[in-house]
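Following: one structure in structure tokens, then a few remarks.
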Amino acid sequence: MMPIDAHAPITITALKWVPPFAQGQVRDHRLRWMMKEVGWDYAVELIDPTVQESSGYRAQQPFGQVPVLREAGRPILFETGAILLDIAERSGKLLPDDEADRALAKCWLFAALNSVEPLLAEISVADIFLEDKEVAKGYRPYAVKMAELRLGQLSGYLGDRDWLVGDDFSLADLMMSSVTKTVHHTDLVEAHDNLAAWRDRCFVRPAYKAAIAEQCAEFEGHGPKDMGWGEETNEKGEEA
Ligand SMILES: N[C@@H](CCC(=O)N[C@@H](CS)C(=O)NCC(=O)O)C(=O)O
């Protein structure tokens, strides 16, 4: 695993601990993955709800979320899509050389975040976050129908392409494959052979594997107490 350089000029934020269902899912993995793809060093600042709720952090990330990217002499960036695009443009990596393909890769970056992620997230709402289990049960079939629709459309576009745009893995593949992790606890992606194969092509990349291993290793040394939660927090993050 690539070591994290505590003196690196770039720092990203991540959460000290999350429940098992979210480990390997927290969105800082997108930045770790991207940084490893382009070969940039970075340090990680692990934060907890006290920091998330502080006015200092809200000035960096108005919603108190992770990740942000801090770099001396530059504005602090938030929103993983914007950060990935910034890194791609500055490093000259993970964006196609061809101008038309470059424009298309940006379309797919936004499509991942704007047209696919919100629909897939509804399944997490039904499965994990809705407290009224009856309401969740009633809502889930609709959420599944909408997710199936989008993933079917994505599969239709992908066809027998190896990558979403052009001949190489790009930030569009990075973001879209990361977005499919939202439904990793279902077989909705596996319902489409080409989609599952493309996702696996993304996830077999050493940079992805190292990013996930790194995030999960940080959770090892922490627990619910580090987030100010009771030790009885269950695997969904609910306190008993
Ligand atoms: N649209 C944002 C979403 C960031 C986000 O949802 N972060 C989650 C972790 S995956 C978070 O910080 N959740 C804690 C919270 O909202 O308090 C992005 O892509 O950066």
Side-chain angles (χ1 to χ4, degrees), residues 10-35 37 42 44-71 74-89 94 105-131 171-185 202 208 211-212 214-219 222-229 233-239:
I10 293 178
T11 299
I12 68 173
T13 55
L15 296 175
K16 274 189 184 156
W17 187 82
V18 294
F21 83 89
Q23 298 191 4
Q25 305 290 322
V26 192
R27 287 173 175 81
D28 56 85
H29 78 263
R30 295 173 179 168
L31 267 55
R32 297 176 194 257
W33 184 3
M34 184 73 185
M35 298 291 274
E37 290 282 357
Y42 58 95
V44 179
E45 184 195 346
L46 297 177
I47 66 170
D48 58 26
T50 314
V51 174
Q52 287 177 267
E53 285 155 24
S54 68
S55 55
Y57 192 70
R58 288 292 158 113
Q60 301 171 23
Q61 216 293 1
F63 314 110
Q65 297 177 318
V66 298
V68 301
L69 184 145
R70 291 197 288 261
E71 189 175 354
R74 299 197 80 234
I76 296 170
L77 304 182
F78 66 103
E79 287 297 332
T80 53
I83 299 173
L84 256 54
L85 190 52
D86 183 74
I87 298 172
E89 285 181 332
L94 265 58
K106 292 176 191 173
C107 294
W108 278 106
L109 174 70
F110 278 84
L113 293 168
N114 208 27
S115 300
V116 180
E117 187 169 51
L119 292 187
L120 303 192
E122 291 304 306
I123 295 187
S124 305
V125 170
D127 291 351
I128 300 161
F129 298 113
L130 262 182
E131 281 176 13
L171 87 168
D173 299 292
L174 192 160
M175 185 59 88
M176 189 67 88
S177 62
S178 168
V179 160
T180 66
K181 285 162 69 80
T182 314
V183 291
H184 72 115
H185 62 295
C202 296
Y208 170 80
I212 298 301
E214 186 180 282
Q215 181 186 87
C216 292
E218 287 164 358
F219 295 138
H222 296 94
K225 257 169 65 186
D226 294 301
M227 296 297 279
W229 302 333
T233 300
N234 71 14
E235 75 142 24
K236 292 186 175 181
E238 298 155 338
E239 285 190 49

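Being a predicted model, the structure only gives us computed values, none of them experimental. Ligands are counted one by one from 1 in listed order, and the atoms in each one are counted from 1 as well.
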Item to complete: Rounded to the nearest 0.5 Å, what's the gap from CG on Leu94 to CE on Met175? Could you check?
Response: 11.5 Å

Item to complete: Please tell me if the side chains of Leu15 and Gln52 come closer than 4.5 Å, counting only heavy atoms from C-beta onward.
Response: yes

Practice prompt. Applying side-chain contact (heavy atoms from CB on, under 4.5 Å), run through Phe21 and Asp127 and close with a yes or a no.
Written response: CA-CA 11 Å; Phe21 83 89; Asp127 291 351; over 6 Å; no

At less than 3.5 Å, what protein N or O atoms come close to the N or O atoms of ligand 1? Include the distances to 0.1 Å.
from, atom 1, to, atom 2, distance (Å)
ligand 1, 1 (N), Glu79, OE1, 2.7
ligand 1, 1 (N), Glu79, OE2, 3.4
ligand 1, 6 (O), Arg27, NH1, 3.1
ligand 1, 6 (O), Gln65, NE2, 3.3
ligand 1, 7 (N), Val66, O, 2.9
ligand 1, 12 (O), Val66, N, 2.9
ligand 1, 16 (O), Gln65, NE2, 3.4
ligand 1, 17 (O), Gln52, NE2, 3.2
ligand 1, 19 (O), Thr80, N, 3.4
ligand 1, 19 (O), Thr80, OG1, 2.7
ligand 1, 20 (O), Thr80, N, 3.0

Practice prompt. Indicate yes or no: at least one non-hydrogen side-chain atom of Val44 is less than 4.5 angstrom from one of Gln215.
Written response: no

Fill in: pair Tyr208-Cys202: side-chain heavy atoms closer than 4.5 Å
no

Worksheet item: Can you check whether Leu69 reaches Ile87 side chain to side chain, under 4.5 Å on heavy atoms?
Response: yes

